[in-house]
Amino acid sequence: MKEQLQALESEALAKVETASSLQELQGVRVAYLGKKGPITEVLRGMGKLSAEERPVIGELANKVRGNIAAAIDEKKAGIEAEQLEKQLEEEQIDVTLPGRPVAVGGPHLLTSIVEEIEDLFIGLGFEIREGPEVETDYFNFEALNLPKGHPARDMQDSFYITEDLLLRTHTSPVQARTMNAMENKQPVKMICPGKVYRRDTDDATHSHQFTQIEGLYVDKNVRMSDLKGVLDRFAKHMFGEDREIRLRPSFFPFTEPSVEMDISCKMCNGKGCSVCKRTGWIEILGAGMVHPRVLEMAGYDPKVYSGFAFGMGPERIAMLKYGVDDIRHFYTNDLRFLKQYHKA
Amino acid sequence: MFVSLNWLKNYVDIDQLSPEELAERITKSGIEVEGIERFAQASTNVVVGYVESCEKHPNADKLNLCQVNVGEETLQIICGAPNIAQGQKVAVAKPGAVLPGNFKIKRAKLRGVESNGMICSLQELGVEEKYVPKEYASGIFVFPEDTEAGADVTELLNLDDIIIELGLTPNRSDALSMLGVAYEVAAILDVPIRLPQTSLRSADDVAEDHVTVRVEAQDVNPYYGAFIVKDVKIGPSPLWMRNYLMAAGIRPINNVVDITNYVLLEYGQPLHAFDYDKFGSNEVVVRMADEGEKIVTLDDVERTLTAEHLVITNGKEPVALAGVMGGADSEVSDTTTNVLLEAAYFDGQTVRKASKAFDLRSEASNRFEKGVDPNRVREAGVRACQLLSEYAGATVLSGVVEHDQLDYSEKEVTIWTSTINDRLGTSISDEEIADILRKLHFNFKQDGETFIVSAPTRRQDIVIFEDMVEEVARIHGYDNLPFTLPQGGSQAGGLTKNQALKRHVKRFLEGAGLSETVTYSLTSKERSGQLVSPEVKDTIVSTVSLAMPMSEEHSTLRVSILPEMLNSAAYNLARKQADVAYYEIGSIFVSGEEEVSKQPDEKLRLAGVLTGQWLTHPWQQEKKPVDFFVAKGILEALFASLKVDVTYKQAKIDGLHPGRTAQLFAGDRAIGFVGQVHPAMQKAYDLKETYVFDVDFDYLLEIHHNEPSFAVIPRFPSVSRDIALVVDETVPAGAVLAVIAEAGGSLVKDIQVFDVYQGEHLEEGKKSIAFSLFYQDPERTLTDEEVEASYQAILAEVAKQFGAELRG
């Protein structure tokens, strides 16, 4: 019997060895290990054996079964692996083909610039205030120390609707409104972004509608050096840590002293080139210390309070930062323009 | 303001600096230098020549053969200028000379005759045509007789002068004069200033005997001075004066006119010279014009005046529009011998009204508008008289006949060193403040840190303490200001909830595939009536239009963002950008008044435009054109993210496809629409099938609810049931769905439409809609009986309401 079992084992193992499919392997399993298989047959005949032989043969039979089963499992894994490999080979795709497009949009460049500036000033403790685009003559001009007949009104010819209503020519009226509305004349620390309008014929450098961001800080003991420090932070944030700023005296009716801020030209590093008209500097914004008349009209005592204000054009900043060559690009909404500035 | 540096050198020493350095210093201290240019491009080897003889060229009618003495030699030169003549002193470019434009002069033969150089016009020497005196405009320039042959023309004609252009802000009208610029430069460089010495020889004859002055409009004409100058010999002004005028951008005319212009530029004080003999009387009367009164001005245009205009009259009729332009009748001409010279102070706003009304902006009106220096009015007149006697051979009568109520007082401003330092963040000493005031030539009294400053009348801009802060700061130098950050108590800056939400919505829509646009708020009258949402339309009483638009295209404020967005979409389509997906959040302007008198309501709207392909995947042959449900899907997702419940009702809205438009409601309130643009409007805009939406963004902000709250994640399984109902094709799916939700009871957690079918196997006029229902109870596992009961209730209700049957 022992010999019989050993013969069965080697016979079965040989068949396992030569099996080339899972089906064939299953055949081997059924043939040798099934209930009607020869090993079971052998075990059935065990009754005829002596008490000494029985456990020996039993153990041997189990061992043979075990060996055959293990060989089948091993072979099966091999065949399966082979088959999987073959299947994967057949499933190969051309990974260089383009993927399925996802609809992607993005913010307008002006929005990106405005939000970047907003976030910087939020970090410096500023709030964002908004106001109407159709303004009264009072808030657009008079409250900002521009009485009727003031020559500086020439500088910003405006779109009037009635004698008293006009499209705001700057976002400064938001400052006047905010100060006016402030109860107990608390400190004001705000920026106001928004659309503004001036009587300009649209061309590469003029637009009858454009964007402005103005800032205002009114408190006790606000110094002009604070303005310089804040503008320096702004310039470095927007144009790079290696930029320098310079303030130049200027004139705005709502500030005194008034300055314009230049940054050192990035193209030539201040040496002078065509971009900076050979001056080494590029004008970025106007600023100054809030005019005492403006404070007074808004109910702040200029003997107690002082403040600074600044105003800039995001279009100009975008044009300088990205080299946009025509202000009309901001308003034609050409997708080939818009998509250049879509970013995560 | 163009400043000739050679002219400026008469008053201040600037040779220590290059023009560029000087310009930089001026810019940094207060007045922006907008340009630095040579008066004329360089030429070499051009000298004065004496035309010894001038004969016709033997072979050419229009050419002359000249023998020209250039000092060391006599050159034979052929010249084609019509005004060449024997005895003239002219500019000669000798052989080897280089003229502007790198034009090299060589010996040449012209029609067989040798020519050894060129006799030059001013233009050929690089002077701009508009500054060239008219008599030389189409020929060569002729020097005064006493000019030495062989002298260097570049120097004589001031061709190497450097002109700096000052960009003056409205407050710095003091720098509209050479003396004002000299004061500025003297302060910046800390150098002394040399002022012109003015004096008059007294004559026996007195001006008073020849003219009287009466000012009726005293409030707008506080000073009027009349000088009488006799026996004027009209001719060219001296060469140096002509040079300076040309450098400053003024064309020389004759000595009288040039002298008034010269003094205008030197003192900043406009003067006017009348021909005394054509004045029409011996009295000057200054008054406001009568309504409809007429005057023919120097430019030979008849102007009709109003009571707003100030005029100089001879007691009968106007002879000049004060501060703007003189009259043609009393103009100085070649035959003038006696001159009435006016030096006056006219109110700026009055001059401005006239110069604006007649569009006559001039050097004179500009200065009056900005305010001239009271202390220079009379002095400028004296200076002009002095120059007239020197350069026009005139006799100046004694005295000036004047009306004088001018305020000559200097404004006093008190400053304190500590207060200035507090305002600037600096630590400037008392000594430095005193030094700055000295440099500026401001008088002051000092007591410790207190300075009582008298602002000179030339600096009308200095009125209050802050003006002096600026003076100190700019002379101290803004570069010397420290960098500090605000010291005040720190505040929490940040976005308001609505500002943050607006950003959230923008990012959401961008993530959904839309590109943000910024369009114009001003649109055309026609477009402003298009695609207006019904709930907006209901509130519009009148459109808000500009009083004086620049064009019809941008004349009216928008009440919908969509028309301008469609314009932008069409712009892209025309450039082969056929797939457009836009959104914009912006204000519309709604007036509830018949006649606009108050600020209109500004309402934020969210608008979108979609056209072309939504998605394409070409190599898989997939194309998904934009349709109604793409647009609606974006809105549904947005509303879900804002937790706003919106219902969609079939609607007919002007400008939209009548069958493919839904009006949006939040509860009972209409909040906008989504739909296809009406094909007729699509065509008008040159657009293909285009879908749009427009939503009341203010209201979304008001009702949104995007603070998430925790809901228990269900632990018990859900049960799903499908139900396909056959209804009339006119029954909206949304209505059926609403009934199912109602009838199904609280266990129905979600209902999805998964199929809509019409056609074969269905009766004509019927459609089948298939729904998936999801049942769930958070507390326990559902029983079949419960689900079945709900299902039957639904069937009964839809049968009752819509006659719906289960599809077999």
Side-chain angles (χ1 to χ4, degrees), chain A residues 97 100-101 103-108 110-111 121-122 124-128 132-134 136 149 151-152 159-162 165 187 189 195 199 201 208-209 217 219 221-226 228-230 232 246-251 256-257 259 289 291-292 306 330-336 338, chain B residues 27-30 32 169-171 349 369-370 422-425 464 466-467 469-470 473-474 478 481-486 488 490-491 493-495 499 506 509-510 513-521 544 546-547 550 554 568 571-572 577 580-581 587 589 596-597 599-600 602 614-615 617 619:
Chain A
L97 280 167
R100 179 186 300 275
V104 180
H108 192 280
L110 287 173
T111 298
F121 281 99
I122 286 171
L124 291 169
F126 284 70
E127 293 177 319
I128 297 166
E133 292 171 37
V134 175
T136 61
F159 287 120
Y160 274 89
I161 291 161
T162 68
L165 292 179
K189 206 172 180 186
K195 291 172 184 151
R199 269 190 99 76
T201 304
H208 74 275
Q209 172 181 324
Y217 174 41
D219 203 342
N221 305 320
V222 178
R223 304 161 296 177
M224 197 152 185
S225 56
D226 299 336
K228 193 175 173 185
V230 165
D232 189 55
R246 129 182 133 167
L247 301 183
R248 266 186 300 111
S250 187
F251 173 76
E256 186 69 42
V259 289
M289 301 302 286
H291 196 286
S306 58
F330 295 104
Y331 296 95
T332 43
N333 300 301
D334 188 325
L335 284 164
R336 293 165 299 180
L338 298 179
Chain B
T27 296
K28 279 170 80 168
S29 306
E32 190 178 1
T169 49
N171 60 326
Q349 290 205 31
E369 285 173 28
K370 300 202 164 121
D422 285 348
R423 188 58 59 86
L424 294 176
I464 56 172
E466 284 72 14
D467 297 324
V469 173
E470 173 157 54
R474 71 189 189 89
Y478 282 112
L481 227 57
F483 293 90
T484 59
L485 285 177
S490 61
Q491 287 135 293
L495 297 171
Q499 287 164 347
K506 287 183 169 199
L509 293 170
E510 287 150 12
L514 306 189
S515 296
E516 187 189 18
T517 61
V518 179
T519 54
Y520 293 132
S521 308
V544 184
L546 299 180
M550 293 177 76
H554 304 300
S568 288
Y571 179 95
N572 279 285
Q577 304 282 305
V580 176
S587 288
F589 304 82
V596 179
S597 72
Q599 285 170 283
E602 295 187 20
W614 179 237
L615 282 177
H617 199 197
W619 67 268

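In the text below, chain A, chain B and the rest are named by the order of the sequence lines, each starting its count at 1.
At distances below 3.5 Å, not a single donor-acceptor pair connects side-chain atoms of B:T484 with backbone N or O atoms of A:G229. In terms of modelled atom types and a separation under 3.5 Å, the side chain of B:E516 and the main chain of A:H108 share a donor-acceptor contact.
Proximity to chain A (any heavy atom under 4.5 Å) is restricted, for B:L514, to the backbone atoms N, CA, C and O. Looking at A:T136, the atoms closer than 4.5 Å to chain B (heavy atoms on both sides) sit in the backbone and in the side chain alike. For A:V134, the parts lying near chain B are the backbone and the side chain together; criterion is any non-hydrogen pair under 4.5 Å. Proximity to chain A (any heavy atom under 4.5 Å) is shown, for B:L509, by neither the backbone nor the side chain. Only the side chain of A:T162 comes within contact range of chain B, with heavy atoms under 4.5 Å apart. Looking at B:S521, both its backbone and its side chain come within 4.5 Å of chain A, counting heavy atoms on both sides. Heavy-atom distances place the side chain of A:L165, and not its backbone, under 4.5 Å from chain B. For A:F330, the part lying near chain B is the backbone, with the side chain staying farther off; criterion is any non-hydrogen pair under 4.5 Å. With a 4.5 angstrom heavy-atom cutoff, A:L335 touches chain B via backbone and side-chain atoms both. Heavy atoms closer than 4.5 Å to chain A are found in the side chain of B:K506, but not in its backbone. Both the backbone and the side chain of A:V230 have a heavy atom closer than 4.5 Å to some heavy atom of chain B.
Here the closest non-hydrogen pair linking B:D422 and A:R223 is O-CG, 3.1 Å. Closest of all the heavy-atom pairs between A:E133 and B:S587 is OE2-OG, 3.7 Å. Between A:P249 and B:T27, the shortest heavy-atom distance links the atoms CD-O, 4.0 Å. Taking every heavy atom of both residues into account, A:I128 and B:Q499 meet most closely at O-NE2, 2.8 Å. Of all heavy-atom pairs between A:S225 and B:G425, the closest is OG-CA, 3.4 Å. Of all the heavy atoms in B:Y478 and A:K228, the pair that sits closest is O-NZ, 2.8 Å.
With rounding to the nearest 0.5 Å, the separation of CG in B:L615 from CZ in A:R100 is 8.0 Å. To the nearest 0.5 angstrom, A:S250 atom OG is 8.5 Å from B:E470 atom CD. With rounding to the nearest 0.5 angstrom, the CE atom of B:M550 is 5.5 Å from the CZ atom of A:R199. Here the CG atom belonging to A:D334 is positioned 5.0 Å from the CG atom belonging to B:N572, to the nearest 0.5 angstrom.
You'll find the side chain of A:R336 reaches within 4.5 Å of the side chain of B:Q577, heavy atoms only. Two residues are said to be in side-chain contact when any heavy atoms from C-beta on lie closer than 4.5 Å; B:I464 and A:P292 meet this criterion.
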Legend entry - Derivation of the side chain to side chain contact (heavy atoms under 4.5 Å, CB included) call for A:I161 and B:L546: CA-CA 4 Å; A:I161 291 161; B:L546 299 180; 4.1 Å; yes
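In terms of heavy-atom pairs under 4.5 Å with chain B, the best-connected choice from A:G125, A:G106, A:P187 is A:G106. By number of non-hydrogen pairs under 4.5 angstrom with chain A, the leading residue of B:E32, B:Q599, B:H554, B:E510 is B:E510. Highest contact tally toward chain B, considering only A:H208, A:M289, A:E127, is held by A:H208 [criterion: heavy-atom pairs under 4.5 Å]. Options A:T201, A:L124, A:L247, A:L110 differ in how many heavy-atom pairs under 4.5 Å they form with chain B, and the most are formed by A:L247. Each of B:L495, B:V596, B:D467, B:V544 has some count of heavy-atom pairs under 4.5 Å with chain A, and the biggest count is that of B:D467.
Taking the six-membered ring where tryptophan is involved, the planes of B:Y520 and A:Y331 are essentially parallel, since the angle between them stays under 30° and well short of 60°.
If you check the side chains of A:N333 and B:T517, you find no donor sitting under 3.5 Å from an acceptor.
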